[in-house]
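As structure tokens, the structure follows; a few thoughts come after it.
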Amino acid sequence: MRALFSKAKITYRQTRSLPALRFLTSDHVQRGNFSKKINPILGPDFPDIWNLQSNTASVLPHPTPSYYNQEEATVASVIDGKSIAEKIRSEIAKEVHILKTEHGKIPGLAVVLVGQRRDSKTYVRFKIKACHEVGISSFLTELPEDCSEGEVLNAVAGFNSNPAVHSILVQLPLPQRMNEERILNEISLEKDVDGFHPLNMGNLAINGRRPLFIPCASKACIELLLRSGVELKGKNVTVIGRSNVVGLPTSLLLQRHHATVTIVHALTKNPQNITREADIVVSAAGVPNLVRGDWLKPGAVVIDVGTNPVEVQNEEHDYRLTGDVCYEEALKVASKITPVPGGVGPVTIAMLLSSTVESAKMIYGLE
Ligand SMILES: Nc1nc2c(c(=O)[nH]1)N[C@@H](CN(C=O)c1ccc(C(=O)N[C@@H](CCC(=O)O)C(=O)O)cc1)CN2
């Protein structure tokens with residue numbers, strides 16, 4: 001175990017102090033407004049609720065915008081996440097095959113799903129199916145919406161001590177009444193495939209440190225940019241949204257690639273003016289069609305992480321997925337763009353598989 005952590009540049013002492021860390025995070029921060037009162041420097045916690053009155057996202061479709069000339073307009077090339085993910089999956093399948101045949105080891109991913117949210121069930125189904133396709137074992141614990149927090153913690157604890165499980169994730173969001181922080185902290189650090197444990201997130205934020213895991217959607221954004229030949233060093237990147245799942249870790253990861261990162265969130269004044277300065281826009285706000293064509297600098301590269309269900313009235317479906325970016329408008333301004341669906345989503349799942357394989361290799365000392 002010591003060897004495992006020294007490889008990841010996390011000291012064994014750091015991991016031994018985890019219970020203390022857990023005490024600090026869950027009791028100190030979670031206990032109501034305690035830490036807010038004694039430490040105003042941390043700032044108050046506001047939920048990010050986007051005020052859509054300041055833009056026209058809610059009134060699509062709208063007339064042809066005037067910022068581009070229809071005749072001169074070029075069309076952005078589409079970054080095909082589906083085929084990139086397919087390629088990554090085939091690379092992973094080969095690696096899993098080698099692990100099995102040469103080392104007799106099978107990587108295993110465990111998922112805890114609480115409740116009946118349709119989107120969460122879909123994503124978990126995708127994850128399990130993808131594991132099956134590349135030869136990774138999968139384990140699923142499904143708990144009812146009204147289960148206790150203790151049951152979730154028990155499920156995580158069971159996977160922590162299961163040697164066939166090398167990576168664990170709790171599908172988010174959890175029911176609101178649950179203490180997400182406490183549950184995520186329970187995941188063993190060396191199996192935290194989502195990278196949401198504070199020590200993994202903290203190491204992502206500290207230059208020179210190596211987190212054991214990096215959140216999958218953030219990895220997917222970088223993978224898509226790199227595989228599309230987009231240079232990051234010195235580029236102005238605007239990340240829209242600052243969630244712990246996507247916006248925040250993506251902004252940290254982009255900085256580690258030497259991009260100049262600006263974060264735009266729900267309380268940012270004139271987000272469109274800031275976004276228009278960016279060479280690369282990564283949007284993870286969770287607001288359908290928030291980013292209009294006139295938010296983009298001509299030639300910008302657009303990575304749309306949003307997968308927002310929007311109600312539709314037709315016989316086949318009652319909703320369709322829409323990104324944060326108004327795709328039709330952005331196509332005429334950007335140089336490259338990821339579609340929704342078929343962009344970041346499939347690559348996020350491929351990154352989960354890749355992190356699971358890395359985790360198994362770390363645990364077996366095969367790196
Ligand atoms: N524990 C976690 N919970 C959540 C995460 C996460 O990374 N870890 N991210 C999101 C949801 N998510 C993964 O869990 C996810 C979202 C979307 C896709 C995806 O492939 N989308 C497809 C379309 C899907 C459809 O047809 O419904 C696409 O964009 O093409 C994968 C994973 C929140 N929770």
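As the structure is a computational prediction, the values presented were derived from the model and not from experiment. Count residues from 1 along the sequence. Atoms within a ligand are numbered from 1 in the order they appear, just like the ligands themselves.
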Say whether, by atom type as modelled, one donor and one acceptor occur between the side chain of Asp80 and the main chain of Ser83 under 3.5 angstrom.
yes

Have a look at Pro309, Pro173, Gly345, Ser218 and point out the one with the heavy atom closest to atom 19 (C) of ligand 1.
Gly345

When only distance counts, is Leu321 in polar contact with ligand 1, meaning an N/O pair under 3.5 Å?
no

Please report whether ligand 1 has a polar contact with Gly343, defined as an N or O pair separated by less than 3.5 Å (distance criterion only).
no

Taking both backbone and side-chain atoms of Thr348, is any N or O found less than 3.5 Å from an N or O belonging to ligand 1?
no

Provide, to 0.1 Å, the distance between atom 11 (C) of ligand 1 and the closest protein heavy atom, together with that atom's residue and name.
Tyr123 CD1, 3.4 Å

Positive for side-chain hydrogen bond (donor to acceptor under 3.5 Å, both in side chains) with Asn308, one of Asn289, Asp324, Asp119:
Asp324

So which heavy atom on Leu143 is nearest to which on Ala155, and how close?
CD1-CB, 4.5 Å

Is it the side chain, the backbone, both or neither of Thr307 that has a heavy atom closer than 4.0 Å to ligand 1?
side chain

Checking a contact table here: which protein heavy atom is nearest atom 9 (N) of ligand 1, and how many Å away?
Val245 CG1, 4.0 Å

Do Ile240 and Pro271 come close enough that some side-chain heavy atom pair is under 4.5 Å?
no

Please compare Asp194, Val305, Val124, Thr122 and report which has the shortest non-hydrogen distance to atom 8 (N) of ligand 1.
Asp194

Verify, without hydrogens or angle tests, whether Asp192 (side chain) and Ile187 (backbone) share a donor-acceptor contact under 3.5 angstrom.
no

What's the shortest distance from atom 3 (N) of ligand 1 to any protein heavy atom, and which residue and atom give it?
Leu172 N, 3.1 Å

Below 4.0 Å from ligand 1: does a non-hydrogen atom of Lys82 turn up there or not?
no

What is the closest protein heavy atom to atom 24 (C) of ligand 1, and at what distance does it sit?
Phe126 CE1, 3.3 Å

N/O to N/O below 3.5 Å, does that happen between Leu169 and ligand 1?
no

Check: Ile79 main-chain N/O paired with Lys336 side-chain donor or acceptor under 3.5 Å
no

Do Tyr319 and ligand 1 have an N or O pair less than 3.5 Å apart?
no

Ligand 1 to Lys127, heavy atom cutoff 4.0 Å, flagged ligand atoms 13 (C), 14 (O)

Is there a side-chain contact between Arg117 and Gln171, using heavy atoms and a 4.5 Å cut-off?
no

If you define the side chain from C-beta out and look only at heavy atoms, does anything of Leu169 sit under 4.5 Å from Lys127?
yes

Backbone of Phe196 reached by a side-chain donor or acceptor of Asn200 within 3.5 Å:
no

Proximity of Phe213 and His197 rings by center, below 6.0 Å:
no

Hey, is ligand 1 close enough to Gln171 that some N/O pair sits below 3.5 Å?
yes

If you count heavy atoms of other groups shown closer than 6.0 angstrom to NE2 of His317, is the number above 12?
no

Quick one: which ligand 1 atoms are inside 4.0 Å of a heavy atom on Pro341?
23 (C), 28 (C), 29 (O), 30 (O)

Is ligand 1 under 4.0 Å from a heavy atom in the side chain of Pro346, in the backbone, in both, or in neither?
both

Is Cys216 close enough to touch ligand 1? Criterion: a residue heavy atom under 4.0 Å from a ligand atom.
no

Examine the proximity of ligand 1 to Ile349 and report which part, side chain or backbone, both or neither, has a heavy atom under 4.0 Å away.
side chain

Contacting atoms of ligand 1, where contact means under 4.0 angstrom from a heavy atom of Gly342:
28 (C), 29 (O), 30 (O)

Going by the side-chain contact (heavy atoms from CB on, under 4.5 Å) test, name the single residue among Ser167, Cys216, Cys131 that passes it with Leu353.
Cys131

Any Leu232 side-chain heavy atom under 4.5 Å of Leu254 side chain
yes

Is atom 16 (C) of ligand 1 less than 4.0 angstrom from at least one protein heavy atom?
yes

